[in-house]
Amino acid sequence: MRILFCGDIVGRSGREIVLQEIPKLKIQLNLDIIIVNGENAAHGFGISRTICKELYNVGVDVITTGNHAWDQREIISYIDQDKRLLRPLNAPEGTPGKGYVIIETAKGKNVLVVNPMARLFMDPLNDPFAAVDDLLKRHPLGGAISATIIDFHGEATSEKMAMGHYCDGRASLVVGTHTHIPTADAQILPKGTAYQTDAGMCGDYNSVVGMDKEVPVARFIRKMPGERMTPAQGPGTLCGVYVETDDTTGLAKNIQPVRIGSRLIPAMPQI
């Protein structure tokens, strides 16, 4: 199976590069499933139903989120209607929506997509490790589930790396989101799980993590509250990871970074 995971979409620049490139990548890489993190897609804060539909229309199969899942209030009433839009798996009981979905590909394969959120320097949700462990035991890789993709949304690299090793051999891919900077550690762990600490973002990298530079720089200098941050509006770069899995085990055979845009060094999978 061929999987593409794209990191956090930030604002208009991120949306435009994703909407432009996803249809081409789907054909070029012969992709079976495409997942994007959309939690910053609506002007940098949350996601809207309109943006969800735009992403689905170009070939995105599942949208993950994180700590900004609820920034657009319309999502609270919408998320139960959209089974392909996920919120953090380890949110408290009674939270609208779901933190995972099992989606069937065009070839009839079942893919489990999971969206836990970390706790170090993040909102104090329930234990993500326990939540993921319970789900993987109920839906083990290699039987009815042909691939398992885990978007671990978190701040601390150590916590994300720990999740990767915790799921090694039980997931096809564990990839981090939230910090918006692509890490250089794409690898296959010893038991066969593809891993990258952070996929990076889809947005304008002439910025501070996707936001127009002036306001965040001023906040660091003056330590005073200021204007609301807004997404940078320059040309976007798409960042993510490409993974190929073994059809029998569901474990990874190949992981390669994806970077398309004008500012970062480009990277395209060799297949």
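Residue numbers start at 1 and run along the sequence shown.
No single ILVMFWY cluster, assembled from side-chain heavy atoms under 4.5 Å apart, contains both Ile102 and Ile35. Linking Ile, Leu, Val, Met, Phe, Trp and Tyr residues whenever their side-chain heavy atoms come within less than 4.5 Å leaves Ile34 and Val113 in two separate clusters. Residue Ile75 is not grouped with residue Val101 when hydrophobic side chains (ILVMFWY) are merged at heavy-atom distances under 4.5 angstrom, including chains of intermediate members.
Using a 4.0 Å cut-off between a side-chain N of Lys or Arg and a carboxylate O of Asp or Glu, Lys109 and Asp247 do not qualify as a salt bridge.
Glu39 contributes no side-chain N or O that, together with a main-chain N or O of Asp8, makes up a donor-acceptor pair within less than 3.5 Å. Side-chain N or O atoms of Arg259 include one that pairs as donor or acceptor with a backbone N or O of Ile265 at under 3.5 Å. When atom types are taken as modelled, the side chain of Thr193 and the backbone of Gly169 share a donor-acceptor pair closer than 3.5 angstrom. Between the side chain of Glu159 and the backbone N or O of Thr157, no donor-acceptor pair lies under 3.5 Å. Under the 3.5 Å distance criterion, the side-chain polar atoms of Asp123 are left unmatched by any main-chain donor or acceptor of Leu125. Under a 3.5 Å cut-off, the side chain of Ser172 and the backbone N or O of Thr148 do form a donor-acceptor pair. In terms of modelled atom types and a separation under 3.5 Å, the side chain of Asp198 and the main chain of Thr179 share a donor-acceptor contact. Side chain of Gln72 to main chain of His68: no donor-acceptor pair is present (N/O by atom type, distance under 3.5 Å, no hydrogens or angles).
Scanning all heavy atoms of the two residues, the minimum distance from Ser13 to Gly234 falls at OG-O, 2.5 Å. Listed here is the closest heavy atom pair of Met122 and Asn67: CE-OD1, 3.9 Å.
No more than 12 heavy atoms of other residues, nucleotides or ligands lie within 6.0 Å of CD in Gln270, so this atom counts as exposed by the packing criterion. Counting non-hydrogen atoms of neighbouring residues, nucleotides and ligands closer than 6.0 angstrom, the CZ atom of Arg12 reaches no more than 12 such neighbours. Atom CZ of Arg73 sits in a sparse spot, with 12 or fewer heavy atoms from other residues, nucleotides or ligands closer than 6.0 Å.
Within the structure, the ring-ring contact (aromatic ring centres under 6.0 Å, His included) test picks out the following pairs touching residues 112-135 (sequence neighbours left out): Phe129-Tyr166. For residues 214-242, no residue pair satisfies the ring-ring contact (aromatic ring centres under 6.0 Å, His included) rule, not counting sequence neighbours. Listed by first and then second residue, the salt bridge (charged side-chain N to carboxylate O under 4.0 Å, His left out) pairs involving residues 78-104 amount to none (not counting sequence neighbours). Sorted by first and then second residue, the pairs that involve residues 24-36 and meet side-chain hydrogen bond (donor to acceptor under 3.5 Å, both in side chains), not counting sequence neighbours, are Glu21-Lys24, Asp32-Lys107.
Taking the side chain as every heavy atom from C-beta outward, Ile33 and Ile149 approach each other to under 4.5 Å.
With sequence neighbours excluded, the residues that form a side chain to side chain donor-acceptor pair (under 3.5 Å) with Thr197 are Asp185, Tyr195.
Ring pair His139/Tyr100 is tilted by interplanar angle, where 30° to 60° counts as tilted.
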Would Asp151 and Thr64 satisfy side-chain hydrogen bond (donor to acceptor under 3.5 Å, both in side chains), going step by step from the backbone distance to the final call?
CA-CA 7 Å; Asp151 170 2; Thr64 56; 2.6 Å; yes
Check: residues 40-55 side-chain donor-acceptor pairs under 3.5 Å, at least two apart:
| residue | atom | partner | partner atom | Å |
| --- | --- | --- | --- | --- |
| Asn40 | OD1 | His180 | NE2 | 3.1 |
| Asn40 | ND2 | Gly44 | O | 3.0 |
| Ser48 | OG | Ile51 | N | 3.2 |

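Looking at Val114, Asn115, Leu173 one by one, the single match for side-chain contact (heavy atoms from CB on, under 4.5 Å) with Ile150 turns out to be Val114.
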